[in-house]
Every structure is written in C-alpha cells, then in structure tokens.
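The structure under discussion appears below in the form of structure tokens.
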Protein chains: 2
Amino acid sequence: MAAPDPRIDTKVRLVDAAEKLFSEHGFAATSLRAVTAEAGANLAAVNYHFGSKEGLVRAVFDRRLGPLNDERLRLLDECERAAAPGRPPELDSVLRAMTLPWARMVKESSASGIQFVRLLGRAHFEPDPELRRLIVASFREVVRRFSAAIHRSVPALSQRELHSRFFFAVGAFTVIADLPTFSLFAVDGNAAAEEQIGGLDTVVEHMIGFLRAGFLSPPVDVPGRGALLP
Amino acid sequence: MAAPDPRIDTKVRLVDAAEKLFSEHGFAATSLRAVTAEAGANLAAVNYHFGSKEGLVRAVFDRRLGPLNDERLRLLDECERAAAPGRPPELDSVLRAMTLPWARMVKESSASGIQFVRLLGRAHFEPDPELRRLIVASFREVVRRFSAAIHRSVPALSQRELHSRFFFAVGAFTVIADLPTFSLFAVDGNAAAEEQIGGLDTVVEHMIGFLRAGFLSPPVDVPGRGALLP
DNA sequence: GTCTATATAGCGATAGAC
DNA sequence: GTCTATCGCTATATAGAC
C-alpha cells in the first residue's frame with residue numbers, strides 16, 4: 001500500500017483508490033471511509049467531488065469504459081477499411097480489435113492488472129439497475145458493430161446464434177481473472193494471478209484461437225427448424 | 001412474492017429466501033432483515049440456525065454446488081465407460097456432462113432461473129477469501145477430471161492452453177445471464193431475461209457447438225516455441 | 001425454537017468553520 | 001477545497017423471556 005501521491009489531484013486519487021478497492025471487495029462492501037483513507041483524502045471529499053457514492057462508482061466506470069470501447073471501434077473501422085471491397089473484414093483482425101485495447105488497459109491500469117479484470121468482469125453481474133444501465137449503454141455500440149462485422153464472416157448464423165456466440169466470447173474475457181485462482185496448482189491465488197497477467201499475451205493468443213474456431217463453426221440453430229431438443 | 005409455506009422447515013425457508021435475494025441483489029446488499037422477512041421467519045432465526053450471515057451464505061452455496069458438481073462427475077463417469085477401450089470419451093458428451101446438470105439446476109432453482117445463473121456466475125468473482133475457498137474446493141475435482149477428459153480429445157494441447165480453453169468455456173456459462181440484458185433489443189432486461197431462460201435449451205445447444213469447435217481447434221501455443229507475440 | 005428488545009458498530013451524507 | 005463534527009439510519013448480533 002504505497003502512500004498516495006499528493007501532487008495528483010484529489011479527484012483522481014479518489015477514483016484510483018475506488019477502482020482498487022471496488023476491484024478487491026466489490027462495490028457494496030467498500031465504504032467511503034475506506035476509499036478516502038486509501039486516497040489520503042477527507043471523508044467529505046467524495047460527496048464534494050462526486051455528489052454521492054454512486055457518483056463515484058459511475059466515475060470509476062466512466063473513466064475506463066468510454067476510452068476502451070472507443071478504441072475498439074476505431075480498430076474495427078481500420079479492419080473494415082482494410083477489407084477488400086464487398087468482402088467481410090478478416091475475422092482474426094476483428095477479434096484483435098476487440099481484444100487488444102482491453103489487454104492494453106489491463107496492463108496500464110492503476111489497480112493491479114488482475115484486479116481491474118475482476119472489476120470489469122464483476123460489472124456483468126452488477127445487480128444495481130442504475131449502474132447496469134450505464135454499463136449496457138457503454139457496450140451498446142460495440143455489441144452492435146462487432147456482431148455485424150462477425151456476422152459477415154459467418155453469414156449462415158441466425159441473429160440468435162450470433163448473439164449467443166458473441167456473448168460466449170465476452171465470457172472468455174471475464175474469466176481470465178479467475179483462470180489462475182481456479183488453477184489446480186495455485187495455492188496463493190493472487191501471486192498466481194499476477195504471474196498470469198505477466199503471461200497475458202499468451203492467454204490472449206489462446207483466446208483468439210479458441211474464439212475464431214467457435215465463430216467459424218457451422219450453425220447449430222437453423223431458423224425455422226423448430227425445437228432443438230427432444 | 002408468494003407467502004412462504006410454513007410447513008417447510010424454517011432453516012430451509014431461510015436458505016430459499018437467501019438464495020433468491022442474494023441472486024437479485026448480491027450478498028453485501030442483502031440484509032438479514034430482508035431474508036427473514038422473505039422467509040416469514042424471525043430476525044434472530046438466521047443467527048440461531050447458521051451462526052452468522054456468512055454461515056447463511058455458505059449454506060446457500062453448499063446446497064447447490066455439491067450436488068451440481070457430483071452430478072457432473074457422475075455423467076462424466078458414464079461418458080468414459082461408454083467410450084471404446086483406449087479411446088477418449090466423445091467430446092460432445094463430455095461437454096453435455098458439464099452442461100446439463102447446470103441447465104437442470106437453473107430451471108429448478110427457487111430463485112427465478114436467470115437470477116440463479118447470476119448467483120452461480122457471481123461465485124467466480126466472489127471477493128471474500130473464505131467463500132472463495134469453499135467455491136474453489138467445490139470445483140476442484142470437476143476442473144481436474146474434465147480437463148483431463150477433454151485433453152484426451154485434443155492431446156496436442158499444452159497444459160497451459162488446455163487450462164485457458166477450459167476457463168473460456170466456464171466464461172460462456174457465466175455470461176448466459178447477461179446475454180439478454182445486453183441484447184440490442186431488450187428494453188426491460190428482466191423480462192427479456194426470463195424469456196431467454198425459456199429458450200435455455202437453445203442457448204445450451206449454441207454453447208455446446210461453439211465450445212466443441214473451440215476445443216478442437218489446433219493449438220496456438222506450441223510448448224518450447226518461445227514468445228508468441230512480437 | 002421462536003420471539004422481543006436491545007447492544008454495538010458502521011454506514012452515507014451534510015452543516016458549517018476555515 | 002478541505003476539514004471536523006455529527007445527524008439519522010441501518011446493519012449484525014445477542015440476551016433473555018416464553
């Protein structure tokens with residue numbers, strides 16, 4: 001626990017501290033007292049700068065999700081420009097456009113990388129409706145554009161199955177934080193987790209290979225075929 | 001909110017109520033007052049029966065995870081018995097052994113199905129170390145046995161890549177709860193979610209197809225080849 | 001086993017001095 | 001912008017009557 005750098009703006013220090021503690025303990029279990037102590041700020045500072053605890057939570061997500069998803073869309077634009085006219089963009093480069101901004105952000109985040117992955121993962125299970133709306137809104141365009149791009153590589157997929165597959169891929173992102181803790185060999189989960197982030201590039205390559213094959217596999221769901229199970 | 005059935009044991013009613021409320025709002029955000037009210041029991045009942053709130057949380061997971069994973073292992077045994085001697089068990093049936101007990105439990109849970117998926121998913125991101133140990137222990141044998149079984153279908157995989165792929169598959173399970181809320185069309189996430197669980201069998205078939213292809217794809221990680229990225 | 005009543009502690013938020 | 005002090009509330013947990 002390094003002492004917070006007083007040259008950094010209090011507002012920034014609060015978001016940094018909140019990101020770290022929310023990642024470690026969840027939103028509900030993290031008190032403003034803990035956040036302000038970690039940030040070296042006064043208890044009243046959160047309400048002064050963010051209006052409420054929820055305002056702070058929003059600020060934590062806002063700072064990350066906007067840039068993350070903008071960069072993904074920018075890379076997707078590049079993929080589509082690079083594609084031959086009338087041809088779908090390369091599936092591999094589309095998957096990289098989804099993945100690389102995320103990997104970069106994990107490595108650069110002020111919370112230790114693995115904690116930040118947990119924070120993003122936990123966002124998908126967030127029960128608070130207000131916060132859910134914020135998160136869903138941040139991902140909306142990414143879901144739309146990437147689904148469409150992938151669909152062009154696998155046009156035989158129904159909308160439903162495309163949607164399912166896209167989220168199976170999202171699931172792969174979310175569990176990377178837990179990959180090491182559930183390892184059979186990991187005794188100290190956190191140490192193993194840090195080492196895993198060191199090998200993040202390798203895991204990313206594993207993931208792209210895995211997802212590419214999943215997306216390219218023939219459709220299971222043939223529209224209009226009726227029930228799939230007995 | 002149906003009135004609780006007083007013929008059911010208080011202890012059981014408490015676990016039922018807790019499962020439902022934990023699923024909807026998370027652990028930290030659910031008070032014992034809410035649980036006992038939902039269960040039609042006295043506030044003091046939780047401490048009498050479970051010692052503490054944490055005891056209740058443990059009881060909720062204990063009741064589900066043991067039987068879920070036992071059933072998975074039982075089905076895996078069947079797959080392995082059904083395989084020709086010296087041959088790996090059918091990958092498809094191995095994936096079903098992992099999936100079907102889960103799908104059955106989702107449909108039968110006292111919490112509404114989609115909420116229960118969230119509860120199980122949230123288990124993977126649980127910050128509390130005590131609870132994490134319980135959960136990891138519950139999955140330990142499943143991870144070991146299923147990884148080994150899948151490895152026999154794709155023997156070229158390194159241990160590392162096998163491990164990565166296995167958890168990408170786990171990720172697919174966890175996001176099924178979010179599939180509908182992140183839908184482009186869903187306005188009311190919860191209504192859409194309930195409908196999705198109605199179509200759970202379809203999503204399960206999508207998932208098995210997707211995962212099969214992912215597992216069978218050629219390895220990315222060739223042991224001893226060195227760094228994968230520039 | 002179930003109840004009421006309460007102890008003890010921590011929470012988010014704010015008023016008002018500096 | 002930052003601080004102290006405190007309000008009002010809710011939480012978990014328990015003691016003791018029934």
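Any value given below was found using the heavy atoms of this structure, including those in side chains, with hydrogens, waters and symmetry copies removed. In the text below, chain A, chain B and the rest are named by the order of the sequence lines, each starting its count at 1.
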request  = Please report the closest heavy-atom contact between A:Leu75 and A:Ala97, naming both atoms and the distance.
outcome  = CB-CB, 3.6 Å
inquiry  = Quick one: does any side-chain atom of B:Arg13 pair with a main-chain N or O of B:Ile8 as donor and acceptor, under 3.5 Å?
reply    = yes
What about the rings of [X] and [Y], do their centers lie closer together than 6.0 Å?
{"X": "A:Phe215", "Y": "A:Phe210", "answer": "no"}
{"X": "A:Phe166", "Y": "A:Phe146", "answer": "no"}
{"X": "B:Phe167", "Y": "B:His163", "answer": "yes"}
{"X": "B:Phe173", "Y": "B:His124", "answer": "no"}

query = Looking for any heavy atom pair under 4.0 Å, which part of the strands does B:Thr36 touch: base, sugar-phosphate only, or nothing?
reply = nothing
Between [options], which one does the side chain of [X] approach most closely?
{"X": "B:Tyr48", "options": "C:dG1, D:dT4, D:dT2", "answer": "C:dG1"}
{"X": "B:Thr10", "options": "C:dT2, D:dA11, D:dC3", "answer": "C:dT2"}
{"X": "B:Ala44", "options": "C:dC3, D:dC3, D:dG1", "answer": "C:dC3"}
{"X": "A:Asn42", "options": "C:dA13, D:dC3, C:dT2", "answer": "D:dC3"}

query = Looking at residues 50-62 of chain A, who's got a heavy atom less than 4.0 Å off DNA chain D?
reply = none
request  = Using a cut-off of strictly less than 4.0 Å, decide whether A:Ser31 has a side-chain nitrogen or oxygen near OP1 or OP2 of C:dC11.
outcome  = yes
inquiry  = Given the ring of B:Phe139, does B:Arg144 sit roughly above its face, with NZ or CZ under 6.0 Å from the centre of the six-membered ring and within 45° of the axis?
reply    = no
Over how many whole Å does the gap from [X] atom [atom1] to [N] atom [atom2] extend?
{"X": "A:Phe27", "N": "C:dC11", "atom1": "CZ", "atom2": "C1'", "result": "18 Å"}
{"X": "A:Lys11", "N": "D:dT2", "atom1": "NZ", "atom2": "P", "result": "11 Å"}
{"X": "A:Leu32", "N": "C:dC11", "atom1": "CG", "atom2": "C1'", "result": "8 Å"}
{"X": "A:His49", "N": "D:dG1", "atom1": "NE2", "atom2": "C1'", "result": "6 Å"}
{"X": "A:Asn47", "N": "D:dA5", "atom1": "CG", "atom2": "C1'", "result": "15 Å"}

key: Base C:dG12 to side chain A:Arg33, donor-acceptor N/O within 3.5 Å cut-off   = yes
